[in-house]
Amino acid sequence: MHMHKYEKIWLFFGIGSLFVFLAVLGVGAFAQGNQPPSCLTTIDPEKVDQTPPFDKPGLVKTGDNEYQLNIVASAFSYTPNQVEIPKGAKVTINVATKDVIHGFEMAGTNVNMMVEPGYVSSFTQTFDKPGEYVILCNEYCGAGHHLMTAKVKVVE
Ligand code: CUA
């Protein structure tokens, strides 16, 4: 079929814009699926106890010298409230709350998170020094706020 020169140009332009549109759409979708999980990990606060990994809170070995520490915060305690970590371990701490906003501060380390209902707060820390670390709630959460503590022991 013979086409007029201008027809060809317009056809080319039309197909070209379609590809640009699809590319923008594709890149947009891709970018959306790649946002950092730290600000996207959501959890139903009413179902924390049934939602992995918080259905079995505690320390989980995930690799060579790598661990995950999953902790449930609720008024006015942490579960578990006593954990032993081998010295030198790289630990990703995940905390979720079942009720109100709590804090999660590990005295003497850089670990300091706000734990909001509906979200999982995460922080990765390597524990090179043996000793005892106290976890404190640093967000006022009610009458028992000052009692809300836990302990991490780093052992050789
Ligand atoms: Cu929990 Cu203050």
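Both backbone and side-chain heavy atoms feed into the values below; hydrogens, waters and symmetry mates do not. Just follow the structure's listing: the first ligand is 1, and inside any ligand the first atom is 1.
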Checklist outcome for this item: For Asp128 and Lys87 the tightest heavy-atom approach is O-CE, 3.2 Å
Next on the checklist: Closer than 3.5 angstrom, by distance alone: can the side chain of Tyr78 be matched with the main-chain N or O of Cys137 as a donor-acceptor pair?
Outcome noted: yes
Item to check | Reference residue Met106; test side-chain contact (heavy atoms from CB on, under 4.5 Å); the match among Leu136, Val134, Asn112, Val111 | outcome: Val111
Next on the checklist: Any non-hydrogen side-chain atom of Thr92 less than 4.5 Å from a side-chain atom of Phe123?
Outcome noted: no
Checklist entry - If you measure only the distance, is there a donor-acceptor pair under 3.5 Å linking the side chains of Ser74 and Asp99? => result no
Item to check | Side-chain donor-acceptor contact under 3.5 Å, Asn138 with Glu105 | outcome: yes
Checklist outcome for this item: Near atom 2 (Cu) of ligand 1 (protein N/O/S, cut-off 2.8 Å, waters excluded) we have Cys137 SG, Glu139 O, Cys141 SG, His145 ND1
